[in-house]
Amino acid sequence: MKRIKLVVAYDGTNYRGWQIQKNGETIESVLNRALMELTGEEIHVMGASRTDSGVHAMGNVAVFDTNARMPGDKFSYALNQRLPEDIRVQHSCEVAPDFHPRYQETVKTYEYRILNREFPLPAYRLNTYFTYYPVDTDCMQKAASCLVGEHDFQSFCAAGAQVKTTVRTIYDLLVIRDGDLITIRITGNGFLYNMVRIIAGTLIKIGTGEWPPEYVEEILEARDRRSAGPTAPAKGLTLMEIIFKGEKDSGSC
């Protein structure tokens with residue numbers, strides 16, 4: 001028996017998130033079926049991040065156990081012949097038998113994309129949030145800088161989430177404008193349920209002038225979800241990469 005690690009990219013538009021659900025297709029269920037078809041074994045992948053319905057990924061990570069004789073680096077090629085075109089394995093390799101992607105020290109990076117112009121562009125409709133209101137990215141960046149570091153992010157956690165602590169560390173949080181496209185890029189040691197989308201929704205309200213940048217400090221101090229902005233739509237969010245302790249990049253084994 002050996003353990004194989006997969007780095008998986010997907011368009012989450014047509015899926016009910018990563019984790020298997022009773023009410024629709026998920027990334028996990030598609031991977032399980034493809035692996036069972038490939039190996040002839042009943043296989044259940046274990047993912048690093050359970051992305052929500054409609055959320056995308058460039059580099060989510062999963063592992064599975066198999067008795068197949070195929071070398072670890074060949075699974076990516078074999079699986080991509082069996083997966084739908086909106087899911088693709090970017091890298092595969094054999095890892096230690098006790099490696100579990102959810103119980104490792106990690107650095108995760110997400111991006112939230114906003115299209116800011118008079119009219120929408122169809123090419124962006126599935127992976128970008130659209131707003132025609134003028135957005136001040138300088139104000140957004142000023143507010144974003146207040147969130148960098150170790151804080152109690154209870155105000156940015158969806159109600160009802162069951163976690164031991166709401167303290168997290170954000171290493172970097174940038175708001176970048178390139179023409180009509182605004183990207184919120186956030187890197188941290190872990191994120192609470194809907195945390196990135198709530199941060200995005202809050203920064204959008206600040207960017208459109210509804211709140212001053214300084215209000216973010218009050219939101220943090222309140223430790224109350226009702227103090228923060230709305231949860232931004234899922235389609236604008238992409239999990240970019242997950243780097244595990246000791247790795248140089250998300251493709252390392």
Student: Lys245 vs Thr106, test: side-chain contact (heavy atoms from CB on, under 4.5 Å). Steps then yes/no.
Tutor: CA-CA 6 Å; Lys245 185 178 181 180; Thr106 62; over 6 Å; no
Student: In terms of hydrophobic clustering (I, L, V, M, F, W, Y; side-chain heavy atoms under 4.5 Å; direct or indirect links), are Tyr193 and Ile198 co-clustered?
Tutor: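 They do not share one cluster, since no chain of ILVMFWY contacts under 4.5 Å joins Tyr193 to Ile198.
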Student: Looking only at heavy atoms, which two atoms of Val45 and Ala62 are closest? And how far apart?
Tutor: CB-CB, 4.3 Å
Student: Taking all atoms of both residues into account, what is the closest heavy-atom pair of Ser227 and Tyr215, and its distance?
Tutor: O-OH, 3.3 Å
Student: Can a donor-acceptor pair be found, under 3.5 Å and without considering hydrogens, that links the side chain of Arg185 to the backbone of Val175?
Tutor: no
Student: Would a hydrophobic clustering, with Ile, Leu, Val, Met, Phe, Trp and Tyr connected at side-chain separations under 4.5 Å, put Leu6 with Met46?
Tutor: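 Looking at the clustering, Met46 is in a separate group from Leu6.
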Student: When hydrophobic residues are tied together by side-chain contacts of less than 4.5 Å, even through go-betweens, does Leu35 share a cluster with Trp18?
Tutor: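 Yes; tracing contacts between hydrophobic side chains, which count when under 4.5 Å, links both residues.
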Student: Please round to the nearest 0.5 Å and tell me the distance separating atom OG of Ser49 and atom OH of Tyr110.
Tutor: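 If I round to the nearest 0.5 Å, the distance is 3.0 Å.
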Student: When you look at Thr66 and Ile4, which way does the side-chain contact (heavy atoms from CB on, under 4.5 Å) test go after all the steps?
Tutor: CA-CA 8 Å; Thr66 180; Ile4 304 297; 4.0 Å; yes
Student: Strictly by salt bridge (Lys or Arg N to Asp or Glu O under 4.0 Å), give each pair with a member in residues 40-56 just once, sequence neighbours left out.
Tutor: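 Sorted result for residues 40-56: Asp52-Arg197.
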Student: If two hydrophobic side chains count as joined below 4.5 Å and joins carry through other members, does Leu174 share a cluster with Met140?
Tutor: no
Student: At their closest point, which heavy atom of Leu203 faces which heavy atom of Ala143, and how far apart are they?
Tutor: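 Nearest heavy atoms, Leu203 then Ala143: CD2-CB, 3.8 Å.
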Student: What pair of heavy atoms forms the shortest contact from Arg168 to Val163, and how long is it?
Tutor: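 For Arg168 and Val163, the tightest heavy-atom pair comes out as NH2-CG1, 4.3 Å.
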Student: For Asp73 and Ser92, does a side-chain donor sit closer than 3.5 Å to a side-chain acceptor?
Tutor: no
Student: How long is the span from the NE2 atom in His151 to the CD atom in Glu221, to the nearest 0.5 Å?
Tutor: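 With rounding to 0.5 Å, NE2 (His151) is 10.5 Å from CD (Glu221).
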Student: Taking the ring centre of each residue, are Phe153 and Phe191 less than 6.0 Å apart?
Tutor: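 When the ring centroids of Phe153 and Phe191 are compared, they turn out to be at least 6.0 Å apart.
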Student: Could you label the plane-to-plane angle of the Phe75 and Phe64 rings as parallel, tilted or perpendicular, counting under 30° as parallel and over 60° as perpendicular?
Tutor: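 Judged by the thresholds at 30° and 60°, the geometry between Phe75 and Phe64 is perpendicular.
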Student: In the structure I gave you, are the side-chain heavy atoms of Ser145 and Leu173 within less than 4.5 Å of one another anywhere?
Tutor: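 Ser145 does not reach Leu173 side chain to side chain.
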Student: Taking atom CE as the centre, does Met70 end up with more than 12 heavy-atom neighbours from other residues, nucleotides or ligands that are less than 6.0 angstrom away?
Tutor: yes
Student: Work out which heavy atom in Ala228 is nearest to a heavy atom in Ile219; give both atom names and the distance.
Tutor: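 Minimum heavy-atom separation between Ala228 and Ile219: CB-CG2, 3.7 Å.
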Student: Set out, in order, the CA-CA distance, both residues' side-chain angles and the distance that settles side-chain hydrogen bond (donor to acceptor under 3.5 Å, both in side chains) for Ser29 and Glu25, then state yes or no.
Tutor: CA-CA 7 Å; Ser29 61; Glu25 191 74 285; 2.7 Å; yes
Student: Taking side chain as C-beta onward, heavy atoms only, is Phe99 less than 4.5 Å from Gln104?
Tutor: yes
Student: Would the number of heavy atoms belonging to other residues, nucleotides or ligands and lying under 6.0 Å from NZ of Lys2 be above 12?
Tutor: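 Counting neighbours around NZ of Lys2, more than 12 heavy atoms of other residues, nucleotides or ligands fall under 6.0 Å, so yes.
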Student: Once rounded to the nearest 0.5 Å, what's the spacing between atom NE2 of His56 and atom CE of Met58?
Tutor: 11.5 Å
Student: Using side chain to side chain contact (heavy atoms under 4.5 Å, CB included) as the criterion, point out the one residue from Thr131, Asp180, Thr128 that pairs with Asn116.
Tutor: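 By the side chain to side chain contact (heavy atoms under 4.5 Å, CB included) criterion, Asn116 pairs with just one of Thr131, Asp180, Thr128: Thr131.
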Student: Look up atom CG in Leu147 and atom CD1 in Ile186, then write down how far apart they are to the nearest 0.5 Å.
Tutor: 7.0 Å
Student: Can you get from Leu31 to Val7 by hopping between Ile, Leu, Val, Met, Phe, Trp and Tyr side chains that sit under 4.5 Å apart?
Tutor: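 No, separate clusters.
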Student: Using the ring-ring contact (aromatic ring centres under 6.0 Å, His included) criterion, which residues pair with Tyr77? Sequence neighbours excluded.
Tutor: none
Student: Apply the test side-chain contact (heavy atoms from CB on, under 4.5 Å) to residues Val8 and Arg88: give CA-CA distance (whole Å), side-chain angles for both, the deciding distance (0.1 Å), then the verdict.
Tutor: CA-CA 6 Å; Val8 189; Arg88 282 293 179 267; over 6 Å; no
Student: Measure the spacing between CZ of Arg82 and CE of Met36 and express it to the nearest 0.5 Å.
Tutor: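 Reported to 0.5 Å precision, the distance equals 13.5 Å.
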Student: Any chance you could pull the hydrophobic cluster mates of Leu121, using side-chain heavy atoms under 4.5 angstrom and chaining through other members?
Tutor: Leu115, Tyr124, Phe130, Tyr132, Tyr133, Leu181
Student: Looking at residues at least two apart in the chain, or sitting in another chain, which of them share a side chain to side chain contact (heavy atoms under 4.5 Å, CB included) with Val107?
Tutor: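 With neighbours one apart ignored, the set is Tyr171, Thr187.
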Student: Step through the shown structure and confirm whether more than 12 heavy atoms of other residues, nucleotides or ligands are within 6.0 Å of CG on Asn23.
Tutor: yes
Student: What residues form a side chain to side chain donor-acceptor pair (under 3.5 Å) with Arg16, not counting sequence neighbours?
Tutor: none
Student: So do Arg102 and Val61 actually touch side chain to side chain, heavy atoms under 4.5 Å?
Tutor: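 Val61 vs Arg102: side chains apart.
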Student: Could you give me the CA-CA distance, side-chain angles and deciding distance for Tyr10 and Leu83, then say whether side-chain contact (heavy atoms from CB on, under 4.5 Å) is met?
Tutor: CA-CA 11 Å; Tyr10 47 87; Leu83 290 169; over 6 Å; no
Student: Given side-chain hydrogen bond (donor to acceptor under 3.5 Å, both in side chains), test Tyr15 with Thr51 step by step and report yes or no.
Tutor: CA-CA 10 Å; Tyr15 299 95; Thr51 52; over 6 Å; no
Student: In terms of relative ring orientation, are Tyr129 and Tyr112 parallel, tilted or perpendicular, with 30° and 60° separating the classes?
Tutor: tilted
Student: So, Gln141 side chain and Asp136 main chain: donor-acceptor pair closer than 3.5 Å or not?
Tutor: no
Student: Atom CG in Asn32, atom OG1 in Thr26: separation rounded to 0.5 Å?
Tutor: 7.5 Å
Student: Which donor-acceptor pairs under 3.5 Å do side chains of residues 231-240 form with protein atoms, sequence neighbours excluded?
Tutor:
residue : atom : partner : partner atom : Å
Thr231  : OG1  : Arg225  : NH2          : 3.2
Lys235  : NZ   : Arg125  : O            : 3.1

Student: Provide the closest heavy-atom pair for Gly229 versus Thr202 in the form atom of the first, atom of the second, distance.
Tutor: N-OG1, 2.9 Å
Student: Is any side-chain N of the basic residue among Glu94 and Lys5 closer than 4.0 Å to the acidic one's carboxylate O?
Tutor: no
